[in-house]
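Take a look at the structure set out below.
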Amino acid sequence: MRKIIYRILLLIFFLSGYASLYASGIPDGNVTSDTIPTKKEIKKEKKETKKEQRKTARKNLKPHFRLSMSATYAFLETQVRFITQGGLLSFQVGLEKNLKMPDKQVFFSGSMIYRITPRSGLYAMFYGLNRKTKHVLNEDIYLPNDTLFAGSYVSAFFNTEVYSFGYMFSILTHEKSFLGAYFNVYLMNIRTGFKSDIFKDRDYNYQFLAPLPNIGLLMDFELQKWFHLNGSIGIFFVNSIDGVGGSIQDFHFYTSFYPAKWLALSIGYQVFNVVVTSREENYLLNVSYNFKGPSFNMIFRF
C-alpha cells in the first residue's frame with residue numbers, strides 16, 4: 001500500500017513540475033495565433049536585416065572615391081580618309097606623314113571611380129588632345145571636291161575630346177584585390193580641317209560627334225601596402241549603321257607606390273586606338289588615330 005501511495009505522489013510531483021515548466025514559456029498561459037510570425041512578417045524582417053547589412057557593408061567600404069590624374073608622353077599616328085559613294089574611290093591623308101603634324105606630344109587625362117556599395121559604383125574618364133601645324137606641301141593632297149597642290153602653304157588642325165561615363169560592377173571585392181567590369185558611353189568630339197594659302201576663302205573642316213558604347217575591366221591588386229599593380233582594358237566594335245560606326249580599344253597598365261593611404265604615385269604604359277566613320281554629303285569620312293606611350297599618374301583615395 002505504501003509503495004502505491006509513494007508512486008502516486010511521485011507521479012503527481014512530476015506532472016505538476018512539467019505543467020509549470022510549460023506554462024512559463026507562455027506568459028498569458030494561452031497559445032494564440034499572435035505568437036506565431038506570419039510569412040509577411042518573416043519577409044519584412046529579412047528585408048530589414050539585408051538593409052542593415054548593406055548599410056554596414058557600405059559604412060565599412062574604404063575607399064569610396066578614387067581620382068586619377070595622368071600625363072602621357074604619346075607617340076601619335078592619325079589618318080583621315082575620304083571614301084566616295086559605293087567605295088569606288090578613296091583619298092587618304094596622313095596628318096603626321098603628309099602634313100608634318102607633331103607625332104609626339106604630352107597630353108593630360110583623368111578618371112574617377114565612385115563605389116556606391118561593395119558591388120556597384122560609377123566610372124568616368126576624360127581626355128583631350130589638340131594639335132595643329134603649318135607646312136609647305138611636298139606632294140599633292142586630294143580631297144573629295146578639291147586638290148591641295150604641292151608647294152602650297154597649308155595649316156591643319158586635329159582636336160579630339162573624349163568623355164566617358166557609366167556603371168561599374170565589382171566582380172572581385174577581396175580586401176587586397178579588386179576586379180570590376182564597367183559599361184560606359186563614350187562621347188567623342190573629333191574635329192579636323194585644312195586651310196591653304198592659295199584658296200584662302202575655302203576652309204575644309206570636318207567634325208564627328210556621336211556616342212559610342214564601351215565595356216571593359218578595372219583592376220587593382222595589392223602586393224604590399226605600399227605597392228599595387230593596376231590596369232584597365234576597354235574595347236568595343238560596331239559596324240557602320242547609316243554611315244556611322246567605329247571601334248575603341250583602350251589599354252592602361254601601371255604600378256603604384258603609396259607614400260600615404262590616400263596618395264599614390266604610379267608609372268605605366270597606355271595605348272588608345274580609335275576608328276570612327278561618319279557620313280557626309282557625298283562621301284564617308286573615316287578617321288583613325290592611335291597613341292601609345294609611357295604615363296605618369298597621381299591617385300587620390302578617400
Side-chain angles (χ1 to χ4, degrees), residues 68 70-83 90-111 123-133 156-166 168 180-193 206-219 230-241 243-254 266-279 284-297:
S68 176
S70 305
T72 302
Y73 183 74
F75 297 84
L76 303 147
E77 183 178 356
T78 313
Q79 302 282 342
V80 178
R81 188 181 181 194
F82 307 92
I83 307 170
S90 67
F91 310 94
Q92 182 167 299
V93 180
L95 300 190
E96 292 82 15
K97 179 181 179 181
N98 300 117
L99 298 178
K100 303 305 177 183
M101 190 166 282
D103 60 357
K104 292 183 276 297
Q105 185 170 327
V106 176
F107 75 94
F108 299 92
S109 61
S111 66
Y123 174 61
M125 185 268 288
F126 163 80
Y127 82 84
L129 179 60
N130 299 326
R131 291 180 292 159
K132 61 182 180 178
T133 186
F157 70 91
F158 185 88
N159 301 334
T160 178
E161 296 175 347
V162 175
Y163 303 88
S164 175
F165 184 80
M168 181 192 69
Y182 66 84
F183 307 88
N184 276 25
V185 173
Y186 271 74
L187 181 61
M188 307 184 67
N189 184 18
I190 298 174
R191 291 171 292 128
T192 187
Y206 312 95
Q207 183 173 12
F208 176 89
L209 176 62
L212 292 175
N214 183 253
I215 59 174
L217 296 173
L218 300 169
M219 296 159 279
N230 311 82
S232 64
I233 300 173
I235 189 167
F236 186 78
F237 296 90
V238 60
N239 292 327
S240 179
I241 302 174
V244 178
S247 66
I248 301 171
Q249 299 110 49
D250 179 13
F251 307 95
H252 193 187
F253 298 97
Y254 50 99
S266 65
I267 55 174
Y269 198 83
Q270 186 170 9
V271 178
F272 200 85
N273 294 316
V274 174
V275 178
V276 292
T277 302
S278 67
R279 180 174 295 280
L284 290 178
L285 175 64
N286 179 273
V287 177
S288 64
Y289 69 92
N290 165 275
F291 69 72
K292 55 188 175 182
S295 64
F296 172 78
N297 296 30

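- For the pair Gly293 and Thr72, the tightest heavy-atom approach, listed with the atom from each and the gap, is O-CG2, 3.9 Å.
- Among residues two or more places apart in sequence or in another chain, the side-chain hydrogen bond (donor to acceptor under 3.5 Å, both in side chains) test is passed with Ser295 by His252.
- In this view, Phe251 satisfies the ring pair (Phe, Tyr, Trp, His ring centres under 6.0 Å) rule with no residue, not counting sequence neighbours.
- Ser70 contributes no side-chain N or O that, together with a main-chain N or O of Gly110, makes up a donor-acceptor pair within less than 3.5 Å.
- Side chain of Glu96 to backbone of Thr78: a donor-acceptor contact under 3.5 angstrom is found.
- Legend: residues meeting side-chain contact (heavy atoms from CB on, under 4.5 Å) with Lys104, ordered by chain and number and at least two apart, are Tyr73, Phe75.
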Would you list the atom pairs, donor with acceptor, under 3.5 Å between side chains in residues 181-190 and any protein atom, with sequence neighbours excluded?
from	atom 1	to	atom 2	distance (Å)
Tyr182	OH	Asn214	OD1	3.3
Asn184	OD1	Gly166	N	3.2
Asn184	ND2	Tyr123	O	3.3
Asn184	ND2	Ser164	OG	2.8
Asn189	OD1	Gln207	NE2	2.8

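- Considering every non-hydrogen atom in both Gly268 and Tyr254, the closest pair reads CA-CB, 3.5 Å.
- Rounding to the nearest 0.5 Å gives a distance of 8.0 Å between CD1 of Ile235 and CD1 of Ile215.
- Using a distance-only test at 3.5 Å, with no hydrogens or angles considered, a donor-acceptor pair links the side chain of Gln105 to the main chain of Asn130.
- Judged as a ring pair (Phe, Tyr, Trp, His ring centres under 6.0 Å), and not counting sequence neighbours, Phe253 has no contacts.
- With sequence neighbours excluded, the residues satisfying side-chain hydrogen bond (donor to acceptor under 3.5 Å, both in side chains) with Asn230 are Asp220, Ser256.
- Leu76 approaches Pro102 most closely through the heavy-atom pair CD1-O, 3.9 Å.
- Judged as a side-chain hydrogen bond (donor to acceptor under 3.5 Å, both in side chains), and not counting sequence neighbours, the contacts of Thr160 are Tyr289.
- In this structure, CG on Asn286 lies 10.0 Å from CZ on Phe208, to the nearest 0.5 angstrom.
- The side-chain hydrogen bond (donor to acceptor under 3.5 Å, both in side chains) check on Gln92 picks up Gln79, with sequence neighbours excluded.
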Open item on the list: Ile233 vs Met219, test: side chain to side chain contact (heavy atoms under 4.5 Å, CB included). Steps then yes/no.
Closed with: CA-CA 9 Å; Ile233 300 173; Met219 296 159 279; 4.2 Å; yes
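- Between Glu161 atom CD and Leu129 atom CG the span is 10.5 Å, to the nearest 0.5 Å.
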Task: Worked verdict on Val276 versus Leu212 for side chain to side chain contact (heavy atoms under 4.5 Å, CB included) - done: CA-CA 10 Å; Val276 292; Leu212 292 175; 4.1 Å; yes
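- Contacts of Phe291 classified as ring pair (Phe, Tyr, Trp, His ring centres under 6.0 Å), with partners at least two apart in sequence or in another chain: Phe107, Tyr127, Phe272.
- For Arg81, there are no salt bridge (Lys or Arg N to Asp or Glu O under 4.0 Å) partners at least two apart in sequence or on another chain.
- When side chains are defined from C-beta on, Leu285 counts as touching Val287, because their heavy atoms get closer than 4.5 Å.
- Every residue was checked against the ring pair (Phe, Tyr, Trp, His ring centres under 6.0 Å) condition with Phe165, not counting sequence neighbours, and none meets it.
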